[in-house]
Amino acid sequence: MTYQLKILITSDEIRNAVARLAGEIRKDYEGKQPLLIGILKGSFVFMADLIRRLDLPLEVYFVALSSYGAAKETSGKVRVVQGLRALIRGRDVLVIEDIVDTGTSISFLLDYLRKKKPASLRLCSLTDKPSRRRVPVSIDYLGFTLPDKFIVGYGLDWNEKFRYLPNLCFLEG
Ligand code: IMP
Ligand code: MG
């Protein structure tokens, strides 16, 4: 496959968005001890940057979901690969996602968490591709709305590659 990597959103723009999101979250969770749940692997870079700007006594957990494999399209079936050891009941839970695409994965996880009776449950996603939505999802804290392109970098991969790129890029070709 021949392709070119083009920058869509620069690391400076990402830094500004993370600062803005952190400000919104800090205000809403003042006096609380939120439990942040990142979805592996894509959210790990965003999570690392976000938590260092929150200045809250938060806890960090990760959950692994699977549905993609090596394909660029979701299979529509989602599994929890790595379960949650965290106690959700009565906690203020904030889910951290890299990208909401069809919405299948995140709505599955939100349903799963809601059954565990958290005090509150919200979603923060760095990016959103609303044009591809199949399952409705409401995003409480959103960084960027993206066009319908396959995005890599800042944690996002194509077939496990390009996660290390500091900018959000798209593959063309
Ligand atoms: P959904 O279930 O279709 O919303 O897929 C969400 C998951 O698919 C995200 O958490 C990503 O891991 C992955 N994904 C969706 N779109 C992209 C993309 O453009 N680049 C990289 N990963 C993506
Ligand atoms: Mg993901």
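Whatever order the structure lists ligands and atoms in, that order sets their numbers, starting from 1.
At a heavy-atom distance under 4.0 Å, only side-chain atoms of K129, from C-beta outward, approach ligand 1. With a 4.0 Å heavy-atom cut-off, ligand 1 is reached by no atom of I106. The side chain of L156, and not its backbone, has at least one atom closer than 4.0 Å to an atom of ligand 1 (non-hydrogen atoms only; side chain from C-beta on). For E97, every heavy-atom contact with ligand 1 shorter than 4.0 Å involves the side chain, none the backbone.
Closest heavy-atom approach to atom 23 (C) of ligand 1 within the set L171, L40, I99: this belongs to I99.
Using a 4.5 Å heavy-atom cutoff, the side chains of I51 and V60 are in contact.
Numbered from 1 in the order shown, with element, the atoms of ligand 1 that lie under 4.0 Å from a heavy atom of K149 read 19 (O). Numbered from 1 in the order shown, with element, the atoms of ligand 1 that lie under 4.0 Å from a heavy atom of T102 read 1 (P), 2 (O), 3 (O), 4 (O). Per-residue contacts place S105 under 4.0 angstrom from the following atoms of ligand 1 (heavy atoms of the residue considered): 1 (P), 2 (O), 5 (O), 6 (C).
Checked by distance only, ligand 1 and I151 come closer than 3.5 Å through their nitrogen or oxygen atoms. Backbone and side-chain nitrogen or oxygen atoms of G103 are examined, and one is located within less than 3.5 angstrom of a nitrogen or oxygen of ligand 1.
A pairwise comparison of heavy atoms in D98 and L126 identifies O-CB, 3.6 Å as the closest pair.
For the pair R26 and E30, the salt-bridge criterion is not met [side-chain N within less than 4.0 Å of a carboxylate O].
Aromatic ring orientation, Y164 versus F162: tilted (interplanar angle from 30° to 60°).
A side-chain N or O of S120 and one of D92 form a donor-acceptor pair less than 3.5 Å apart.
Residue pairs meeting the side-chain hydrogen bond (donor to acceptor under 3.5 Å, both in side chains) criterion with at least one member in residues 140-151, sequence neighbours excluded: D28-Y141, R122-Y141.
Within the structure, ligand 1 lacks I39 among the residues with a heavy atom less than 4.0 angstrom away. For the ligand labelled ligand 1, residue D157 lies inside the 4.0 Å heavy-atom shell.
Applying the side-chain contact (heavy atoms from CB on, under 4.5 Å) rule to R53 yields the partners R15, V18, A19, A22; only residues at least two apart in sequence or on another chain are considered.
The number of heavy-atom neighbours closer than 6.0 Å to CD of E160, taken from other residues, nucleotides and ligands shown, is above 12.
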